[in-house]
2 protein chains.
Amino acid sequence: MDESKKFLLQEKDIPTAWYNIMAEMKNKPRPFLNPATKEPMKAEDFFPLFSQEASRQEVNDKDSWIEIPDEVREMYKIWRPTPLVRARGLEKYLDTPAHIYFKNESVSPVGSHKLNSAIPQAYYCKKEGITNITTETGAGQWGAALSMAAKHFGIELAVYMVKISYNQKPYRRSIMQTYGAEVIASPSMSTKAGRKIITEHPNYQGSLGTAISEAVELAMNTPNCKYTLGSVLNHVALHQTVIGLEAEKQMEMAGEYPDVIIGCFGGGSNFSGISFPFMRHNFTGERNTRFIAAEPASCPKLTRGVFQYDFGDEAGYTPLIPMYTLGHNFAPANIHAGGLRYHGAGSVVSQLKQDKQMEAVDIPQLETFEAATIFARTEGIIPAPESSHAIASAIREAKKAKEAGESKVILFNLSGHGLIDMASYDRYLAGDLTNYEVTEDQVEENTKGLEKLI
Amino acid sequence: MDESKKFLLQEKDIPTAWYNIMAEMKNKPRPFLNPATKEPMKAEDFFPLFSQEASRQEVNDKDSWIEIPDEVREMYKIWRPTPLVRARGLEKYLDTPAHIYFKNESVSPVGSHKLNSAIPQAYYCKKEGITNITTETGAGQWGAALSMAAKHFGIELAVYMVKISYNQKPYRRSIMQTYGAEVIASPSMSTKAGRKIITEHPNYQGSLGTAISEAVELAMNTPNCKYTLGSVLNHVALHQTVIGLEAEKQMEMAGEYPDVIIGCFGGGSNFSGISFPFMRHNFTGERNTRFIAAEPASCPKLTRGVFQYDFGDEAGYTPLIPMYTLGHNFAPANIHAGGLRYHGAGSVVSQLKQDKQMEAVDIPQLETFEAATIFARTEGIIPAPESSHAIASAIREAKKAKEAGESKVILFNLSGHGLIDMASYDRYLAGDLTNYEVTEDQVEENTKGLEKLI
């Protein structure tokens with residue numbers, strides 16, 4: 001009866017360094033390119049956009065470990081280390097021989113893993129004397145996290161929030177405002193990129209790509225201001241490795257090692273965070289773990305996109321990124337997992353996928369909500385619609401284990417809770433949700449001509 | 001730099017017994033009375049209403065410690081033990097010599113302390129073969145907790161939710177439905193009590209008192225069905241003592257002992273939970289801690305109510321309870337701390353207040369939201385409007401310590417987070433909120449004739 005449900009670490013066990021997978025990849029990711037010169041971007045080339053330290057991390061493929069500043073570890077202590085949980089209720093419900101574990105990142109004060117990178121990004125800006133920062137947010141998880149971190153370090157923050165979320169998810173907007181951030185619905189009149197799209201399409205409800213363009217533009221035109229991003233980039237993935245590093249110690253406490261590791265996939269932040277620290281043992285041949293990125297069927301860049309250089313934003317302000325992409329002007333269906341509605345995957349993940357170090361699956365919206373409801377009723381936690389993709393994938397794997405009669409160890413990342421997304425559950429329970437598929441034709445149409453960018 | 005922020009226990013440290021303060025009170029609380037016969041209620045008299053075990057706990061004033069069933073401890077493991085946190089950010093902001101600690105009950109999967117009693121109440125019903133239960137909920141925190149617990153034990157649950165919350169707080173309703181509960185707006189046509197009030201006042205937006213009447217009535221008229229309540233009662237306070245018992249160990253880890261302990265106050269569940277285990281050291285003379293119940297100025301039963309026998313519900317279905325009360329038909333102003341809008345205090349707390357073992361303060365709504373916003377921006381956690389009363393009281397005490405130049409140790413209970421209450425923050429930030437006071441005349445008018453009930 002007195003079996004462990006959770007595996008808990010102490011504050012002293014919060015990692016002191018992030019794991020930088022780029023240093024240990026056999027094939028390094030291709031470099032970001034300056035869209036004008038087509039030259040590879042060096043750290044200095046990122047200085048106008050990001051803090052210098054984040055810029056250096058962005059291109060660092062030499063150091064396997066990068067020290068976590070004391071000030072960042074101090075803030076991590078607000079909620080870290082997070083629990084590793086054995087999902088005994090879910091196992092019982094599925095009647096599976098698999099052992100299912102999840103890393104519970106939902107216990108963060110903003111309800112998701114996004115704080116892991118928001119804090120160091122805000123800290124580096126503060127340290128370098130930056131007074132203002134900008135960012136964009138889709139569903140609002142990244143915006144909420146950065147609002148909390150910026151206020152802590154006394155930096156002013158402007159968040160461009162995708163208009164449809166701004167109107168449909170007022171709670172997320174209120175969270176940012178309660179922390180003291182300025183929130184602007186995107187597209188807006190405050191930028192050239194925003195004005196252009198509003199003028200051409202007055203009823204446009206916004207997209208992450210447009211919001212990024214606006215946030216970048218405002219940062220470039222504001223004195224002492226930098227831009228920050230919550231996913232896709234190498235330094236973001238780096239910061240998120242605290243998730244996997246803690247989980248590694250906790251799996252050891254549980255006396256097991258994962259056969260399969262799963263994260264939901266938008267731009268890569270939480271998938272990278274749970275996966276990369278474990279992946280290094282595959283690199284050495286010591287382990288042979290499978291890594292699965294679970295993406296929405298409506299935004300399937302890893303499973304159905306092309307591997308090409310593309311822009312990170314709609315207006316084409318960002319460097320060219322070597323990525324699996326659906327095209328930078330891809331307009332994803334209005335699924336409730338707003339955090340996964342992004343056209344591209346980060347360059348490291350894209351290279352790892354290319355090198356078959358990891359897999360990807362795409363999951364229809366209804367299957368994710370079914371998985372979420374099962375999880376809520378068996379494990380007690382209502383998951384974020386994004387995280388539900390990882391749960392659905394874990395359930396698929398647990399069912400396979402049952403069919404094969406194999407006792408697999410499955411680990412997934414619960415990147416956030418869904419308490420601020422209940423409107424989505426309402427619609428699911430009312431039978432109002434539907435699936436969206438992206439056809440090959442759509443992808444072909446949307447990615448046509450990308451090769452000409454370089 | 002590497003100071004502890006949180007004090008963390010392991011699962012094995014989850015208490016194995018609840019502390020039953022009634023066994024150690026010099027003056028026991030007066031008994032509940034049968035409203036018809038005016039006879040003191042014995043355990044058996046509660047059997048038609050509650051599970052037998054809860055009924056026995058309700059009147060047990062002999063045993064100081066009551067064992068926590070293994071099945072309940074197993075479920076506590078989903079989120080317990082909860083962290084004790086040193087509020088260094090808040091201390092710094094207030095520039096106070098006081099050391100401020102809070103017990104973070106907001107990390108529960110439903111976002112509040114209510115699960116601590118929902119789980120044992122559902123468990124005892126299950127164990128006794130009960131198939132259906134009913135309850136009421138105001139803001140929705142108790143209803144969400146019981147929905148989660150009932151589903152776990154395979155019991156059907158009907159929740160009467162105060163109509164104004166049902167309409168204004170759809171997220172709370174969705175949470176209960178996602179866990180699988182039936183939610184009915186109260187007053188409803190499904191009960192005599194509901195029909196009566198709807199007929200007389202067609203636009204009545206409901207109250208906790210009415211919802212309790214409806215839930216009790218449905219339980220009494222449904223086969224194999226019991227009623228459950230999330231506050232006020234002795235067995236609820238008993239279950240909540242896990243909060244204080246954990247906090248006691250954690251304060252020891254911190255090497256300090258609280259001079260002041262604070263909980264917000266609705267019916268008493270979280271205040272009792274944090275306070276009672278520490279209060280036993282006052283009883284023995286070993287310590288001299290102050291205990292403060294922080295209630296809304298708009299619902300000030302402890303600071304301005306009368307100490308009288310009164311009903312727990314509006315229709316007068318419940319036993320007569322010896323309580324500080326504003327009268328069972330008191331209609332509290334529509335403040336955002338919905339969980340504190342209840343006319344009476346539990347019998348144990350009422351006796352302790354009568355015996356000067358504890359104090360109470362009443363706090364205006366605007367001061368609570370100001371405190372909440374300071375807390376969010378210094379400690380990173382957006383608190384529930386209810387919990388903000390405890391924060392406001394803690395801030396008052398920390399300011400007093402500063403004026404006196406004394407290094408007091410203050411401990412408060414953060415009973416829940418506010419992520420599902422962001423509409424309230426919106427209104428606060430927009431300057432739309434106001435204070436409500438209850439006058440002596442109102443209390444006198446509302447409690448007139450109570451003495452004739454016995």
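Order of the sequence lines sets the chain letters (A, B, ...), proteins ahead of strands, with each chain counted from 1.
- Residue with the most contacts toward chain A among B:G89, B:S147, B:S108, B:A376: B:A376 (heavy-atom pairs, distance under 4.5 Å).
- At a 4.5 Å heavy-atom cutoff, the contact between B:R80 and chain A is made by backbone atoms alone.
- For the set B:G418, B:P170, B:A423, the entry with the most heavy-atom pairs within less than 4.5 Å of chain A is B:A423.
- Rounding to the nearest 0.5 Å gives a distance of 9.5 Å between CE of A:M422 and CZ of B:R173.
- Relative orientation of the B:Y171 and A:Y171 rings is tilted, given thresholds of 30° and 60° on the angle between their planes.
- Around the CD atom of B:E256, the shell of radius 6.0 Å holds more than 12 heavy atoms that belong to other residues, nucleotides or ligands.
- For B:Q10, the CD atom is densely surrounded, since the number of other residues' heavy atoms within 6.0 Å is greater than 12.
- Looking only at heavy-atom pairs under 4.5 Å with chain B, the residue among A:A372, A:P109, A:S174 that has the most is A:S174.
- Chosen from B:I382, B:L429, B:D421, the residue pairing most often with chain A at heavy-atom distances under 4.5 Å is B:I382.
- Taken to the nearest 0.5 Å, the OG1 atom of B:T178 stands 7.0 Å off from the CZ atom of A:R377.
- In this structure, the side chains of A:Q177 and B:D426 come closer than 4.5 Å at one or more pairs of heavy atoms.
- Of the listed residues (B:H417, B:K151, B:M148, B:E11), the one with the most heavy-atom contacts under 4.5 Å to chain A is B:E11.
- Between chain B and the residues A:T373, A:I175, A:L115, A:V110, the largest count of heavy-atom pairs under 4.5 Å involves A:I175.
- Of all the listed residues (B:V107, B:I381, B:L419), the one sharing the greatest number of non-hydrogen pairs under 4.5 Å with chain A is B:L419.
- Remark: side-chain polar atoms of B:K77 are not paired, donor with acceptor, to backbone N or O of A:K6 under 3.5 angstrom.
- When the shell of 6.0 Å around CZ of A:F153 is examined, it contains more than 12 heavy atoms from other residues, nucleotides or ligands.
- Considering only heavy atoms from C-beta on, B:K5 comes within 4.5 Å of A:I78 through its side chain.
- One N or O on the side chain of A:Y179 and one on the backbone of B:G380 form a donor-acceptor pair closer than 3.5 Å.
- In terms of heavy-atom pairs under 4.5 angstrom with chain B, the leader among A:W79, A:F7, A:Y428 is A:W79.
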